[in-house]
Amino acid sequence: MQTFIILALTFLAGYYGSKYFTTPVVKNGQSRPNRFPTFHIGRIQILPRFGFRAKNSVILFHHWFYLPIFIIGAVVLYDNIVHLTSFKIATGASVGSALQGLTYKDRFKFKHPQPKS
């Protein structure tokens, strides 16, 4: 029962946390696509989304795509991780965030045209 409560609460926190951070923001007449700052190293963008610039396009990996990969990778790499409370918290938050990412219209669009600078 304790595991279910942990997973349910962290699922809700992950879902609504992702919804809060990825909702467009209008502040002082300026529109921003979300609440994260932009951070990139060379052609690789880390925040607000993970992706890289190709020749004429940008390849983006949405949070619904890579968060479950992190959880599956942790299960494969570490034997007894599923019994840890911290793993249950991370799993619930990741699943909630991934499901929130699937609510967008462009959820399956990975290749975007490169913006003009």
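One finds the CG atom of Leu99 at 10.5 Å from the CG atom of Leu67 (value rounded to the nearest 0.5 Å). We find the CZ-CZ distance between Phe65 and Phe70 to be 10.5 Å, quoted to the nearest 0.5 Å. Atoms OG and CD1, from Ser94 and Ile72 in turn, are 10.5 Å apart once rounded to the nearest 0.5 Å.
In the hydrophobic clustering of ILVMFWY residues, with side-chain heavy atoms under 4.5 Å counting as a link, Ile71 and Leu77 come out together. Follow the hydrophobic side-chain contacts under 4.5 Å out from Ile6 and you never reach Val75; the two are in separate clusters. The hydrophobic clustering, which links ILVMFWY residues whose side-chain heavy atoms are closer than 4.5 Å, places Phe50 and Ile41 together. Hydrophobic clustering (side-chain heavy atoms under 4.5 Å, transitive across Ile, Leu, Val, Met, Phe, Trp, Tyr) groups Phe39 together with Ile44. Residues Val95 and Phe61 are members of one and the same hydrophobic cluster, defined by side-chain heavy-atom contacts under 4.5 angstrom among Ile, Leu, Val, Met, Phe, Trp and Tyr.
For Leu60, the side chain to side chain contact (heavy atoms under 4.5 Å, CB included) partners two or more places apart in sequence, or in a different chain, are Gln45, Arg49, Val58, His112. In this structure Ser97 satisfies the side chain to side chain donor-acceptor pair (under 3.5 Å) test together with Ser18, sequence neighbours excluded.
Residue Asn56 places its CG atom among 12 or fewer non-hydrogen atoms of other residues, nucleotides or ligands, all under 6.0 Å distant. In this structure, Leu102 places its CG atom where more than 12 heavy-atom neighbours from other residues, nucleotides or ligands lie under 6.0 Å away.
Contact annotation: the side chain of Thr23 never approaches that of Asn34 to less than 4.5 Å [non-hydrogen atoms, C-beta and beyond]. Two residues are said to be in side-chain contact when any heavy atoms from C-beta on lie closer than 4.5 Å; Leu7 and Phe4 fail this criterion.
Pairs of residues two or more places apart, or lying in two chains, that qualify as side-chain hydrogen bond (donor to acceptor under 3.5 Å, both in side chains) and include a residue from residues 84-93 are Thr3-Lys88. Screening residues 57-74 for side-chain hydrogen bond (donor to acceptor under 3.5 Å, both in side chains), with sequence neighbours left out, gives His63-Gln100. Every pair passing ring pair (Phe, Tyr, Trp, His ring centres under 6.0 Å) that includes a residue from residues 7-34 is listed here, sequence neighbours excluded: Phe21-Phe36. Within the structure, ring pair (Phe, Tyr, Trp, His ring centres under 6.0 Å) contacts touching residues 76-103 (residues at least two apart or in different chains) do not occur.
Here the closest heavy-atom approach between residue Ile59 and residue Ala54 is recorded as CG1-CB, 4.5 Å.
Arg43 places no side-chain N or O within 3.5 Å of a backbone atom of Phe52 that could act as its donor or acceptor partner.
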